[in-house]
Protein chains: 2
Amino acid sequence: MPKKCNFIEKLRELGLRPTKQRLNMCEVLFNREKTFHFTINDLVKMISEKMNQKISLATVYNTVHAFEKKGYLKEISIDSHKSYFDTNTSVHHHFFDEETNELIDCDENDIDPINIKKNIAGKKINSVEVLIKVASDNQNQK
Amino acid sequence: MPKKCNFIEKLRELGLRPTKQRLNMCEVLFNREKTFHFTINDLVKMISEKMNQKISLATVYNTVHAFEKKGYLKEISIDSHKSYFDTNTSVHHHFFDEETNELIDCDENDIDPINIKKNIAGKKINSVEVLIKVASDNQNQK
DNA sequence: AACTACATTATAATAATTCTAAACTATTGA
DNA sequence: TCAATAGTTTAGAATTATTATAATGTAGTT
């Protein structure tokens, strides 16, 4: 979703009614310069603490999944216990810092295009995603 | 773990006692030609149905995690609801069929080496994994 | 054989997510 | 403007996946 846009219009385009709760979520998620990575819990906390608005956990689940289905959020799964959502829905890759649990976007220049040489008969490729796990390089400490 | 090997020895090398339950799990997991992808539930079913052996769910969780920790199994996370374990612990990539929920190994020749041009200061790369999601190519149906 | 440390088990506890159904609200159209 | 209605929110219950517990069992050692 474009920055500073009219979220009411955007939600209507998605076929979602612009309720107070959804507008609060849009404000937190899409009204920012950079890509944002978050968990459901992060989002509930931000809305209740930073925005000082009451929202039910079920609504956050519902709305995040609605946004995901409509293509405005993408899920990035790290392992069975760590799953993030990403406001950047373009094809892009990630670094994941295993120590800080931080997910970082790769930009286009960080990684050469992925060249897949094999086709699976009768199948088309829906997505190609690279996850680069990193940690402190203690060898290079001075 | 090598095929047809002495699982008793292998388990001892890992510092794990060769119990009946662990040997059954080794038999199912490692005594086969090809890489095997499975969920915890798959494994419980295979042991109880195919091997006709009783095993508790907790033991399967414990042992899978022990094998994973020792580097004999690798977790492959598809999304927050789909997590597989892989008996192929080498660095390799995967196709995932979103219709059949089947995970398929890429072999070395299926994909060109991934070239990462950006370093994150003070961090070293622990792993690089590519996940290629595929589905039926209905455009090409005749 | 007996001791000890590790394993297994059923079950309970916890955590994450989804479901339910009642109350609420945005939209529509008379 | 004001129902009617269809979609939304909510608290709490239900479900699912995973981990913890503590009693019992077993492998390895002496």
Side-chain angles (χ1 to χ4, degrees), chain A residues 6-29 37-48 51-70 72-73 75-85 101, chain B residues 6-29 37-48 51-70 72-73 75-85 101:
Chain A
N6 184 344
F7 293 126
I8 292 177
E9 272 318 301
K10 280 289 157 196
L11 286 170
R12 285 219 184 88
E13 281 169 25
L14 296 182
L16 298 172
R17 288 186 180 170
T19 62
K20 182 165 63 71
Q21 291 84 347
R22 285 172 176 165
L23 289 168
N24 285 336
M25 286 181 62
C26 284
E27 197 65 33
V28 170
L29 294 178
H37 300 115
F38 64 95
T39 65
I40 298 280
N41 269 340
D42 292 340
L43 197 47
V44 173
K45 267 190 197 161
M46 290 178 81
I47 292 170
S48 65
M51 297 194 83
N52 220 39
Q53 298 278 310
K54 195 167 154 331
I55 194 167
S56 119
L57 186 55
T59 301
V60 177
Y61 272 103
N62 289 340
T63 305
V64 164
H65 290 148
F67 287 172
E68 187 191 10
K69 204 165 166 184
K70 300 287 184 178
Y72 283 93
L73 287 174
E75 189 185 9
I76 309 295
S77 180
I78 305 298
D79 65 36
S80 56
H81 286 145
K82 297 192 201 80
S83 177
Y84 294 81
F85 289 91
N101 279 356
Chain B
N6 185 343
F7 293 127
I8 293 177
E9 273 318 301
K10 281 289 157 197
L11 286 169
R12 285 218 184 88
E13 282 168 24
L14 298 182
L16 298 172
R17 288 188 179 170
T19 61
K20 182 165 64 71
Q21 291 84 348
R22 284 171 178 168
L23 289 168
N24 285 337
M25 286 181 63
C26 284
E27 197 66 32
V28 171
L29 294 178
H37 300 116
F38 64 95
T39 65
I40 298 280
N41 270 340
D42 292 339
L43 197 47
V44 173
K45 267 190 197 162
M46 290 179 79
I47 292 170
S48 64
M51 298 194 81
N52 219 39
Q53 298 278 310
K54 195 171 155 329
I55 194 167
S56 118
L57 186 56
T59 300
V60 177
Y61 272 103
N62 289 340
T63 304
V64 164
H65 290 147
F67 287 171
E68 187 190 11
K69 204 165 166 184
K70 300 288 184 177
Y72 283 92
L73 287 175
E75 189 184 10
I76 310 293
S77 180
I78 306 297
D79 66 35
S80 56
H81 286 147
K82 299 193 200 79
S83 178
Y84 295 80
F85 290 90
N101 278 356

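Lettering follows sequence order; numbering is per chain, from 1. Keep in mind it's a predicted model, so treat the numbers as computed, not measured.
For the pair A:Glu68 CD and C:dT18 P, the computed distance is 10 Å after rounding to whole Å. We find that CZ of A:Phe85 is positioned 8 Å from P of C:dT17, with the value rounded to whole Å. Atom-to-atom, CG of A:Asn41 to C1' of C:dA16 comes out at 9 Å; the value is rounded to the nearest Å. When the P atom of C:dC6 is taken as reference, atom CG of B:Leu14 falls 16 Å away, rounded to whole Å. One can place CD1 of B:Ile47 at 11 Å from P of C:dT8, the figure rounded to the nearest angstrom. One atom, CG of A:Leu43, and another, P of C:dA16, lie 16 Å apart when rounded to the nearest Å. Rounded to an integer number of Å, the gap from B:Met25 CE to C:dA7 P is 13 Å. Protein atom CD of B:Gln21 is 9 Å distant from nucleotide atom C1' of C:dT9, rounded to whole Å.
Annotation for A:Ile78 and B:Ser77: closest pair O-CB, 3.9 Å, computed over non-hydrogen atoms. Scanning both residues, B:Pro18 and B:Ile8, for their nearest heavy atoms gives CG-CG2, 3.9 Å. Nearest heavy-atom pair across A:Asn101 and A:Tyr84 is O-OH, 2.9 Å.
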Problem set entry | Letter per nucleotide, 5' to 3', of nucleotides 24-30 of chain C [B base touched, S only sugar-phosphate touched, - untouched; heavy atoms, 4.0 Å] | --BS---
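The phosphate of C:dT8 (OP1 or OP2) has no side-chain N or O of B:Ser56 nearer than 4.0 angstrom. Using a 4.0 Å cut-off, no side-chain N or O of A:His81 falls inside it from OP1 or OP2 of C:dA16.
Ion pair B:Lys82/B:Asp79 flagged as a salt bridge, since at least one NZ, NE, NH1 or NH2 atom sits closer than 4.0 Å to an Asp/Glu carboxylate oxygen.
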For nucleotides 19-23 of chain C, give me every protein contact, N/O to N/O, under 3.5 Å, one pair per line with atom names.
none

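Atom OH of A:Tyr72 and atom CE of A:Met25 lie 15.0 Å apart (nearest 0.5 Å). The CE atom of B:Met46 sits 11.0 Å away from atom CD of B:Glu27, with the distance rounded to the nearest 0.5 Å. If you take OG on B:Ser80 and CD on A:Glu75, they are separated by 4.0 Å, rounding to the nearest 0.5 Å.
Nucleotides of DNA chain C nearest to A:Leu57 and B:Leu57 differ in position, and the one nearer the 5' end is that of B:Leu57. Nearest-nucleotide mapping onto DNA chain D: of B:Ser83 and A:Ile55, the residue sitting toward the 5' end is A:Ile55.
In summary, the side chains of A:Thr63 and A:Gln21 do not present any donor paired with an acceptor at a separation below 3.5 Å, with no hydrogens or angles considered. B:Asn62 and B:Thr59 form no side-chain donor-acceptor contact under 3.5 Å, judged by distance and modelled atom types alone.
Contact annotation for B:Leu16: backbone-only contact, meaning every heavy-atom pair under 4.0 Å involves sugar-phosphate atoms and none involves a base.
Between chain B and DNA chain D, the heavy-atom contact criterion of under 4.0 Å yields a 5' to 3' nucleotide range of D:dA17 to D:dG28.
In this structure, B:Leu23 and B:Leu11 have side chains that are in contact, with non-hydrogen atoms separated by less than 4.5 Å. Looking only at side-chain heavy atoms (C-beta outward), B:Ile55 and B:Asn24 stay at 4.5 Å or farther from each other.
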Problem set entry | B:Phe67 and B:Leu29: CA distance, side-chain angles, deciding distance, side chain to side chain contact (heavy atoms under 4.5 Å, CB included) verdict | CA-CA 11 Å; B:Phe67 287 171; B:Leu29 294 178; 4.2 Å; yes
